[in-house]
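Contents: one structure, followed by commentary.
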Amino acid sequence: MLRLLCVFFTTLMLAPTSFAANWHTVSAQITLIEPQAKARFILPNMALIQGKTCSALIDSHGDFVALEQVINQLKERLNTPLCYLIATTSETHQLTGLALLKQAFPNASVHLPKAPQLTDHTLRVALDTQLDNFAKSIELSEQRLSKLSAEQQAAWPQRLALAKQRLARWQTLQSTAVTNETTAPADLELGGVTLKLSQFHGQSGYDLSVFSVQHGALFAGQSVNLLPYVRNTSWHSALHALQHDSQLDWILPAFGKPYKAEQLSVPITFLTLAQQQAAQEDTRFPAALTPLYQGLPYNQIQLAQHFSQAVKVLARKKALNK
């Protein structure tokens with residue numbers, strides 16, 4: 001997955017334009033920032049929540065070209081200062097975009113999950129790795145350019161020059177500082193809107209959920225995707241707890257459209273069955289899941305791949321814990 005993201009972001013960097021985000025107004029306070037359809041399973045959803053005195057931006061990504069477009073649009077749309085930048089995951093490669101956002105909004109405080117792998121050093125390494133991949137891609141593109149015909153080469157010098165300008169700009173970024181920026185209060189008051197931040201054991205192991213009290217809305221990134229991607233462990237217990245929250249009305253996942261609270265039964269059932277079949281190392285896709293995913297934007301191959309991945313990861317973890 002990480003290699004796929006690097007290739008995708010580098011391709012966008014060399015392209016003359018990037019995938020423009022779609023902005024959806026849910027209420028006077030909440031705007032969802034959704035990637036275009038071509039990128040909807042690669043770039044995560046973001047959310048802008050504006051109160052009477054402050055605004056908060058939930059999640060970001062490493063496509064710096066697209067993120068710069070989001071920043072420009074944010075500056076036009078913000079009615080109140082952007083006070084908070086919130087990340088729901090502890091995966092360092094998914095947090096590189098915070099450096100770009102922090103440069104654009106230097107007064108905003110950053111709120112991350114508390115995780116042992118999140119340090120000033122690891123976030124700097126993640127940013128440097130991404131920038132190094134961009135630089136290597138430009139170098140490789142220049143090598144390939146020399147092998148093209150004159151006609152094929154016509155558009156590329158301008159694209160490469162633009163990519164180099166972007167890279168030079170991004171190389172001045174300061175990585176996100178963890179020290180003194182993760183001690184977030186449980187509640188963030190935006191003025192008429194209260195956000196409750198809760199740490200929980202989710203998709204990345206150490207995750208944050210953001211609950212908008214006035215809207216009954218939960219933002220929890222990858223952990224609440226209807227089709228879970230299991231990398232390290234299962235988090236069905238956390239989803240069970242969410243399912244019994246009477247205040248919860250709707251949920252925004254990292255990928256896909258918002259959904260009603262009762263649909264949490266879909267990822268819960270997926271993870272529960274994967275846990276059960278991991279005991280026998282049975283990677284076959286269970287028939288019981290098929291009706292749950294009818295009408296959702298996933299094909300049978302995607303469902304089978306994600307389930308097989310989940311069983312293999314959980315079976316390996318079970319074996320290591322013996």
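Only heavy atoms go into these numbers, but all of them, side chains included; no hydrogens, no water, no symmetry mates. Only a predicted model underlies this, so the values are computations on that prediction, with no experimental measurement involved.
Side-chain contact of H93 with Q130: a donor-acceptor pair under 3.5 Å is absent, judged by distance alone. With hydrogens and angles left out, the side-chain atoms of S55 and T80 include a donor and acceptor closer than 3.5 Å. Under the 3.5 Å distance criterion, with hydrogens and angles disregarded, no donor-acceptor pair is assigned to the side chains of Q117 and T122. At a cut-off of 3.5 Å, with distance as the only test, no side-chain donor of Q222 or T88 sits close to an acceptor on the other residue. If you check the side chains of S308 and H306, you find no donor sitting under 3.5 Å from an acceptor.
One finds the CG atom of L85 at 8.0 Å from the OG atom of S60 (value rounded to the nearest 0.5 Å). Summarising the geometry, atom CG belonging to L226 is positioned 11.5 Å from atom CZ belonging to F270; distances are rounded to the nearest 0.5 Å. Rounding to the nearest 0.5 angstrom, the gap separating the CG atom in L43 from the CD atom in E34 is 11.0 Å. Here the straight-line distance linking atom CG of L227 with atom OH of Y298 works out to 5.5 Å at 0.5 Å rounding. L112 CG to L118 CG: the interatomic distance, rounded to the nearest 0.5 Å, is 6.0 Å. Note that CD of E139 and CG of L160 are 12.0 Å apart. Values are rounded to the nearest 0.5 Å.
Heavy atoms only, all atoms of each residue included: P253 and G256 are closest at CG-O, 4.0 Å. Taking both residues in full, the closest heavy atoms of I33 and A21 are given as CG2-CB, 3.7 Å, listed atom of the first, atom of the second, then distance. In terms of heavy-atom proximity, I268 sits nearest to T272 at O-OG1, 2.7 Å. Of all the heavy atoms in S234 and L271, the pair that sits closest is OG-CB, 3.8 Å. P258 approaches L252 most closely through the heavy-atom pair CG-CD1, 3.9 Å.
Clustering ILVMFWY residues whenever any of their side-chain heavy atoms sit less than 4.5 angstrom apart, transitively, puts L78 in the very cluster that holds V110. Hydrophobic clustering (side-chain heavy atoms under 4.5 Å, transitive across Ile, Leu, Val, Met, Phe, Trp, Tyr) keeps F211 apart from F200. No chain of hydrophobic side-chain contacts below 4.5 Å, direct or via other Ile, Leu, Val, Met, Phe, Trp or Tyr residues, connects L167 to L140. The same ILVMFWY cluster, assembled from side-chain heavy atoms under 4.5 Å apart, contains both L100 and F134. In terms of hydrophobic clustering, with Ile, Leu, Val, Met, Phe, Trp and Tyr side chains grouped at heavy-atom distances under 4.5 Å, V178 and Y206 are assigned to different clusters.
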Criterion side chain to side chain donor-acceptor pair (under 3.5 Å) on H215 and Q29, from CA distance to verdict:
CA-CA 9 Å; H215 304 91; Q29 295 82 26; 2.9 Å; yes

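Contacts of Q300 classified as side chain to side chain contact (heavy atoms under 4.5 Å, CB included), with partners at least two apart in sequence or in another chain: F285, T290, L303. Partners of K75 under the side chain to side chain contact (heavy atoms under 4.5 Å, CB included) rule, at least two apart in sequence or in another chain, are I71, A104, F105. Considering only residues two or more places apart in sequence or on other chains, R77 meets the side chain to side chain contact (heavy atoms under 4.5 Å, CB included) condition with W23, Q73.
Heavy atoms from other residues, nucleotides or ligands lying under 6.0 Å from CD of Q174 number 12 at most. In the displayed structure, Q143 atom CD is contacted under 6.0 Å by more than 12 heavy atoms of other residues, nucleotides or ligands.
One finds a salt bridge joining E91 and R231 here, because a Lys/Arg side-chain nitrogen approaches an Asp/Glu carboxylate oxygen to under 4.0 Å. Classification of E189 and K52 as a salt-bridged pair fails, no side-chain N sitting under 4.0 Å from a carboxylate O. Salt bridge status for K136 with D132: absent, with no side-chain N to carboxylate O gap under 4.0 Å. Between R166 and E68 there is no salt bridge, since no side-chain N of the basic residue sits under 4.0 Å from a carboxylate O of the acidic one.
Between H236 and H240, the ring-plane angle classifies as perpendicular under the 30° and 60° cut-offs.
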